[in-house]
Structure formats: structure tokens, C-alpha cells
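These notes concern the structure reproduced below.
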Amino acid sequence: MVALGSLGRYRWLSGTSLVLLSADLTLNALFQVFTYNHLLTLLIYIIQDVCLIFSLILLCLALFSTSYSQAGLVGELVQRFLWCICNAVIYLGLSLGFHSWSLKEAWQKPDVYIWTHGMVALFVVQRTVGCLHYHLYKKTILQLSDKSFYSTLAVAVY
């Protein structure tokens with residue numbers, strides 16, 4: 001017995017989540033093109049951070065719309081998807097840190113293209129965690145598409 005309303009809602013959540021993930025990936029690639037235009041860089045960073053926040057919110061909505069959470073098994077869901085949740089929060093923090101640091105450097109010295117050693121290290125860590133984020137987030141969204149998360153029988157079987 002699968003609740004059709006939950007599946008329809010999940011399709012919307014998963015589709016929107018994957019669009020936000022694609023937008024983040026595209027904006028990560030685009031920021032380098034507009035490095036010398038600080039206003040466009042700021043706009044790209046704001047859109048990217050908003051996409052990350054919304055994708056984290058949609059992930060929580062997808063987790064809490066399952067029959068497991070409705071049955072009170074939130075701990076099971078959190079334990080199963082802990083890596084994705086933690087990685088999403090860490091990636092958001094690293095992105096915010098890199099974005100604010102790079103904009104601060106760009107606005108203090110607008111005529112010079114400055115990449116300090118710390119900024120390069122943060123950039124590398126942020127991009128590495130970003131790759132892991134894309135993998136874990138997509139894997140989690142696809143795992144949540146399993147009908148067993150929306151059936152009333154799955155709670156008793158798990």
C-alpha cells in the first residue's frame with residue numbers, strides 16, 4: 001500500500017532537488033568567467049548559496065515525508081543518511097566561507113587578482129567536498145525514490 005500523494009510530492013521534491021544541484025554545479029563552473037566583475041561574482045555567489053540552502057531544506061522535506069518519519073523512526077533515517085546531511089552542511093559552510101573571503105579580498109584590492117595560500121587551500125577543500133556532496137546528495141535522492149519509504153508495510157519490515 002503506497003500513498004500516492006507521497007509519491008507525487010516526492011517526484012516534485014526530487015526533481016527540484018536535482019535542478020538545484022545542477023544549478024550549483026553550473027554556478028561553480030561559471031564564477032571563474034566573471035572574476036573581474038565583482039557585482040556579477042556577488043550575484044553568482046548569492047544564487048549559489050541560496051540554491052544550497054534550498055537543497056538542504058528540500059532534503060529535509062524529502063526525509064520527513066517518508067512513512068519512516070511519520071512512524072517516529074526519524075533516528076533510523078538520520079542514521080541511514082547521516083553522511084549526506086553532514087556533508088551538505090559542511091559544503092554549505094565551506095562555500096559561504098570561500099565566497100565571503102574571496103569577495104572581501106576582491107573589494108579590498110579591486111585592481112589586483114589576489115589568491116592567498118589560505119584561499120587556494122580553502123578553494124581546493126571546498127571543491128573536493130563539493131564533488132563528494134554532488135555524489136552523496138544524488139545518491140540519497142535516488143535512494144529516497146524507493147517505494148518502501150512510502151509504504152506502511154515497510155516500517156514493520158525495516
Side-chain angles (χ1 to χ4, degrees), residues 5-66 68-70 74-146 149-150:
S6 294
L7 285 177
R9 181 179 22 194
Y10 176 75
R11 285 187 191 118
W12 178 83
L13 284 173
S14 64
T16 306
S17 295
L18 293 176
V19 165
L20 289 171
L21 192 66
S22 300
D24 179 54
L25 182 63
T26 303
L27 292 172
N28 259 341
L30 269 182
F31 100 95
Q32 196 67 27
V33 174
F34 300 109
T35 302
Y36 292 107
N37 189 341
H38 301 307
L39 185 60
L40 279 176
T41 303
L42 174 65
L43 184 64
I44 288 172
Y45 285 166
I46 289 172
I47 293 171
Q48 184 180 5
D49 293 337
V50 167
C51 285
L52 287 174
I53 291 169
F54 281 153
S55 67
L56 189 60
I57 290 169
L58 287 177
L59 177 65
C60 291
L61 284 175
L63 287 172
F64 291 123
S65 69
T66 63
Y68 287 94
S69 66
Q70 293 169 0
V74 177
E76 296 290 330
L77 283 172
V78 170
Q79 181 181 1
R80 188 168 184 174
F81 300 111
L82 184 64
W83 284 104
C84 181
I85 296 167
C86 289
N87 190 324
V89 171
I90 290 170
Y91 179 59
L92 175 64
L94 288 171
S95 294
L96 287 170
F98 174 72
H99 295 164
S100 59
W101 192 355
S102 65
L103 285 173
K104 183 186 89 133
E105 293 289 329
W107 286 336
Q108 284 180 349
K109 299 176 185 173
D111 298 335
V112 181
Y113 188 71
I114 297 177
W115 278 77
T116 62
H117 295 297
M119 267 182 65
V120 171
L122 182 59
F123 178 78
V124 169
V125 169
Q126 187 248 358
R127 295 305 164 125
T128 304
V129 172
C131 291
L132 186 61
H133 169 72
Y134 299 139
H135 171 72
L136 289 175
Y137 191 84
K138 185 177 177 187
K139 180 180 172 185
T140 299
I141 290 296
L142 293 176
Q143 283 178 344
L144 283 172
S145 69
D146 186 13
F149 284 106
Y150 304 100

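This one's a predicted model, so the numbers in the text were calculated from it and none came from an experiment. Just so you know, residue 1 is the first one in the sequence shown, and it goes up from there.
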Donor-acceptor pairs under 3.5 Å, side chain of residues 43-61 to any protein atom, not counting sequence neighbours: which ones?
residue: Tyr45; atom: OH; partner: Ser102; partner atom: OG; Å: 3.2
residue: Gln48; atom: OE1; partner: His99; partner atom: NE2; Å: 3.2
residue: Gln48; atom: NE2; partner: Asp24; partner atom: OD1; Å: 2.8
residue: Gln48; atom: NE2; partner: Asn28; partner atom: OD1; Å: 2.7
residue: Asp49; atom: OD1; partner: His99; partner atom: ND1; Å: 3.0
residue: Asp49; atom: OD2; partner: His99; partner atom: ND1; Å: 3.1
residue: Ser55; atom: OG; partner: Cys51; partner atom: O; Å: 3.3
residue: Ser55; atom: OG; partner: Leu52; partner atom: O; Å: 2.8

| request: Would you please name every residue forming a side chain to side chain donor-acceptor pair (under 3.5 Å) with Trp115, sequence neighbours left out? | output: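 Tyr113.
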
Approximate separation, where rounding is to 0.5 Å, of [X] [atom1] and [Y] [atom2]:
{"X": "Leu96", "Y": "Gln126", "atom1": "CG", "atom2": "CD", "answer": "9.5 Å"}
{"X": "His135", "Y": "Cys84", "atom1": "NE2", "atom2": "SG", "answer": "10.0 Å"}
{"X": "Phe81", "Y": "Leu63", "atom1": "CZ", "atom2": "CG", "answer": "6.5 Å"}
{"X": "Leu136", "Y": "Ile85", "atom1": "CG", "atom2": "CD1", "answer": "11.0 Å"}
{"X": "Leu122", "Y": "Thr116", "atom1": "CG", "atom2": "OG1", "answer": "9.0 Å"}
{"X": "Trp83", "Y": "Thr140", "atom1": "CH2", "atom2": "OG1", "answer": "12.5 Å"}

| task | Could you pull out the closest heavy-atom pair between Val124 and Thr128, with the gap in Å? | result |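 Looking at all heavy atoms of both residues, the closest pair is O-OG1, 2.7 Å.
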
| task | Side-chain contact test, heavy atoms from C-beta onward, threshold under 4.5 Å: evaluate it for His133 versus Leu21 and give yes or no. | result |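 The answer is yes; the side chains approach within 4.5 Å.
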
| Looking at side-chain heavy atoms only, is the closest gap between Leu132 and Tyr91 below 4.5 Å? |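 No - every pair of side-chain heavy atoms lies 4.5 Å or more apart.
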
| request: For the pair Phe123 and Phe98, name the ring-plane relationship: parallel under 30°, tilted 30 to 60°, perpendicular over 60°. | output: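 Taking Phe98 first and then Phe123, their aromatic rings sit tilted (interplane angle of 30° to 60°).
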
